[in-house]
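What follows is one structure encoded as C-alpha cells, with my remarks underneath.
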Amino acid sequence: MTDPVPTLHFTDPTVLVTLTGPDQSGVTTRLFADIAQFGVEVIDVEQLVVRGRLMLSALLTVPADPSGLEHTVHAVGATFGLEVSVEHGTGDNRPRRVGRAQVVVLGAPLRPGAMAALAQQIKDDGGNIDRIVRMARYPVTAIRMEVSGADPDQLQSDLAAVAYEQGVDVAVQENGILRHAQRLVVMDVDSTLIQGEVIEMIAAHAGCEGEVAAVTESAMRGEVDFSESLISRVALLAGLEESVLDDVYDSLAYAPGARTMIRTLKRLGYRFALVSGGFTRIIERIAEELDIDYFAANELEVVDGRLTGRILGDIVDRAGKAEALRHFAEQARIPIKNTVAIGDGANDLDMLAAAGLGIAFNAKPLVRDQARTSVNVPYLDAIIYLLGITREEVEAADAAD
C-alpha cells in the first residue's frame with residue numbers, strides 16, 4: 001500500500017521556474033532531468049510556443065537546497081540560450097472561481113481592438129481569463145479563452161453585443177463533462193448547408209424565380225408566415241416535370257467547409273440531422289451523399305410525373321423544426337443539452353432556442369440578434385472550433401485517412 005500524497009496548503013512554500021527564448025528540442029527533458037536530483041515535487045507545468053518562441057514554467061515544492069536548484073536551472077538556461085526566472089512564493093495556483101466557461105472568438109481578420117474589447121467585457125462581468133490558446137489560423141483565426149468567475153449566460157449576452165460592434169463572432173459554453181459527450185448536430189439546409197434556396201432553383205425552371213425569391217426573403221426575415229408563404233410559392237411550381245428536381249440536385253453547391261465539418265465530427269461519433277423547409281426529393285439525396293443519420297422535410301405532390309403545386313402532409317415549419325430536433329435527439333438517445341442547431345432564417349429560431357448550442361450561420365439580422373451564438377464567416381467548418389477541435393487536429397485526422 002502506497003503512502004498518501006500530502007496535501008499542498010496555500011501557505012506552503014513553492015518555487016516557480018520559468019524559461020523563455022528560442023524553442024528548441026530537448027529543453028523540457030533537460031530541465032526535469034537536471035532538477036530530479038533535488039527531490040522536488042512537480043505541482044504544475046505550462047508550456048507554449050508562439051512563432052518559435054518558448055515559454056516553459058514549472059511550479060515545484062521547495063528543495064532542501066534552494067540555491068542549488070536555482071544554480072542548476074540557470075545552467076540549463078545558459079545551455080540553450082534561454083532567459084531564466086526563479087520566483088519563491090507560497091501555495092499552488094489560486095483556485096478558479098465559480099462560473100467556468102469556454103469563450104471562442106472567430107475573426108477574419110482578428111484585430112487587437114476586438115480582443116481588448118472582449119477582455120474588458122469579461123473583466124466587467126467579474127470574469128478572469130485563466131488561459132488562452134489558438135484553435136485555428138485559417139480560414140479564420142479562432143482563439144479559445146478559458147474564463148472563470150463570470151456567469152456563462154450573462155457572459156454570452158454581453159460578449160455577443162461587443163462581438164457585433166467589433167465585427168467578430170463569439171460563442172460561450174459552460175465548462176463541464178457534458179461538453180465532451182457525443183452530440184447531435186441538426187442543420188437547416190437552404191443557405192446553410194448548401195448555397196442558395198432550392199425552391200428558387202426549382203422556380204427558375206418555371207420562369208417565376210424572381211417572384212418566389214422575393215417571398216422567400218420576406219419569410220426568412222420573419223415578415224410573413226412561413227407555412228402560408230410556402231404554400232403560395234409551391235403553387236407556382238404546378239406543371240413542372242418531376243425530373244426538374246433531379247436537375248436541381250445536380251446543380252447544388254455545398255457551403256465551404258461543409259464536408260470537412262461533417263467528416264470531422266462523424267469521426268468523433270457525432271450524429272447529424274437535416275431539418276428543412278425544403279423538399280424530401282432533394283433532402284434525402286443530400287442525406288445519403290453526406291452520410292446524414294436523420295432528416296425531415298416537406299413532400300411535394302407528384303401526379304403523372306409532374307408537380308401539382310401542392311404539399312403532402314404536415315408542413316415542416318418553424319415549430320416543426322424544433323419538434324424534429326427533439327424527436328431526433330430522442331431517437332439518438334442524446335440529451336437536448338448536447339444538441340447543436342445551425343440555421344439562418346426566422347423559421348430556424350425555435351430550433352436554435354431549443355438546442356443546447358444554437359448557432360445562427362450567416363443569418364438574417366432578426367435571427368442573428370435572437371440567437372445565442374452567431375457565425376458570420378462563410379465557412380461551415382468554423383463550427384468545429386466552437387466545439388473545442390483545433391485545425392491541426394482536423395488536418396492530422398485527414399492525413400491519417
So, Glu197 and Ser191: side-chain donor and acceptor under 3.5 Å apart, yes or no? yes
Using atom types as modelled and distance alone, determine if a side-chain donor or acceptor of Glu174 lies under 3.5 Å from a backbone N or O of Pro152. no
Kindly say whether Asp291 contributes a backbone atom to a donor-acceptor pair with the side chain of Lys266 at under 3.5 angstrom? yes
Salt-bridged, Arg368 to Asp344, with N to O below 4.0 Å? no
Any side-chain donor near an acceptor of the partner, Thr216 and Arg233, under 3.5 Å: yes
Test your reading of the model: is there a side-chain donor-acceptor pair from Ser229 to the backbone of Asp225, 3.5 Å cut-off? yes
Donor-acceptor pair, Asp293 side chain versus Phe272 backbone, under 3.5 Å? yes
Side chains of Thr61 and Glu41: do they bring a donor and an acceptor to under 3.5 Å? no
Any idea which heavy atoms bring Leu118 and Ala163 closest together, and the distance? CD2-N, 4.3 Å
Distance only, no hydrogens: is a donor on one side chain within 3.5 Å (strictly under) of an acceptor on the other, for His327 and Glu323? no
Is there a side chain to side chain contact (heavy atoms under 4.5 Å, CB included) between Leu54 and Thr20 once you walk through the steps? CA-CA 5 Å; Leu54 167 75; Thr20 58; over 6 Å; no
Is there a side-chain contact between Val45 and Leu59 (heavy atoms, below 4.5 Å)? no
Donor-acceptor under 3.5 Å (Ser157 side chain, Asp153 main chain): no
With heavy-atom distances below 4.5 Å as the criterion, would you say the side chains of Val302 and Thr308 are in contact? no
Is Thr264 close to Tyr270 at the side-chain level, that is, under 4.5 Å between some pair of heavy atoms? no
Give the intermediate values and the outcome of side chain to side chain donor-acceptor pair (under 3.5 Å) for residues Tyr385 and Arg391. CA-CA 8 Å; Tyr385 310 136; Arg391 189 75 196 180; 3.1 Å; yes
For the pair Asn362 (side chain) and Val377 (backbone), establish whether a donor and an acceptor sit closer than 3.5 Å, ignoring hydrogens and angles. yes
Provide the closest heavy-atom pair for Pro139 versus Asp381 in the form atom of the first, atom of the second, distance. CG-OD1, 4.4 Å
Start with the C-alpha distance between Lys364 and Asp369, add both sets of side-chain angles, then the distance that settles salt bridge (charged side-chain N to carboxylate O under 4.0 Å, His left out), and finish with yes or no. CA-CA 9 Å; Lys364 310 300 183 289; Asp369 292 344; over 6 Å; no
Between Val244 and Ile202, what is the shortest heavy-atom contact and its length? CG1-CG2, 4.3 Å
Check step by step if salt bridge (charged side-chain N to carboxylate O under 4.0 Å, His left out) holds for Arg259 and Glu289. CA-CA 10 Å; Arg259 292 180 183 273; Glu289 179 181 353; 2.5 Å; yes
Write down the atom of Val147, the atom of Gly127, and the distance for their closest heavy-atom approach. CG1-CA, 4.2 Å
Side chains of Gln166 and Arg111: any donor to acceptor distance under 3.5 Å? no
Check whether any side-chain heavy atom of Leu82 lies under 4.5 Å from a side-chain heavy atom of Pro22, and answer yes or no. yes
Residues Pro256 and Gln195: closest non-hydrogen pair is CD-NE2, 3.3 Å
Would you check if the side chain of Glu393 reaches a backbone N or O of Thr390 as a donor-acceptor pair within less than 3.5 Å? yes
If we only count heavy atoms from C-beta on, is the Leu193 to Ile286 side-chain gap below 4.5 Å? yes
Side chain to side chain contact (heavy atoms under 4.5 Å, CB included) evaluation trace for Thr339 with Leu357: CA-CA 6 Å; Thr339 59; Leu357 175 62; over 6 Å; no
Are Arg144 and Gln102 side-chain neighbours, meaning at least one heavy-atom pair lies under 4.5 Å? yes
Heavy-atom pair of closest approach, residues Ala363 and Gly343: CB-O, 4.3 Å
Check: Gly345 main-chain N/O paired with Asp348 side-chain donor or acceptor under 3.5 Å: yes
Within the 3.5 Å criterion, strictly below it, is a donor on Arg271 or Tyr294 matched to an acceptor on the partner's side chain? yes
Donor-acceptor pairs under 3.5 Å, side chain of residues 310-318 to any protein atom, not counting sequence neighbours: which ones?
from   : atom 1 : to     : atom 2 : distance (Å)
Arg310 : NE     : Glu301 : OE1    : 2.9
Arg310 : NH2    : Glu301 : OE1    : 2.8
Asp317 : OD1    : Ala319 : N      : 3.4
Asp317 : OD1    : Gly320 : N      : 2.9
Asp317 : OD2    : Ser227 : OG     : 3.3
Arg318 : NE     : Asp350 : OD1    : 2.8
Arg318 : NH2    : Asp350 : OD1    : 3.2

Check: Arg267 and Asp398 side chains under 4.5 Å, non-hydrogen atoms: yes
Under 3.5 Å, is there a donor-acceptor pair between the side chain of Ser251 and the main chain of Val248? yes
Could you check whether Ser67 and Asp65, counting side-chain N and O atoms only, form a donor-acceptor pair closer than 3.5 Å? yes
Is Gln156 reaching over with its side chain to a backbone N or O of Ala171, donor-acceptor style, under 3.5 angstrom? no
Output, in order, the C-alpha distance, side-chain angles, deciding distance and verdict of side chain to side chain contact (heavy atoms under 4.5 Å, CB included) for Val170 and Val104. CA-CA 6 Å; Val170 169; Val104 178; over 6 Å; no
The test is side chain to side chain donor-acceptor pair (under 3.5 Å); show your working for Asp169 and Ser374 and say whether it passes. CA-CA 6 Å; Asp169 300 323; Ser374 292; over 6 Å; no
Contact between Leu106 and Val375 at the side-chain level, heavy atoms closer than 4.5 Å - yes or no? yes
Would Ser148 and Asp130 satisfy side chain to side chain donor-acceptor pair (under 3.5 Å), going step by step from the backbone distance to the final call? CA-CA 7 Å; Ser148 62; Asp130 299 318; 2.8 Å; yes
Scan side-chain atoms only and decide if Arg281 and Tyr249 contain a donor-acceptor pair under the 3.5 Å cut-off. no
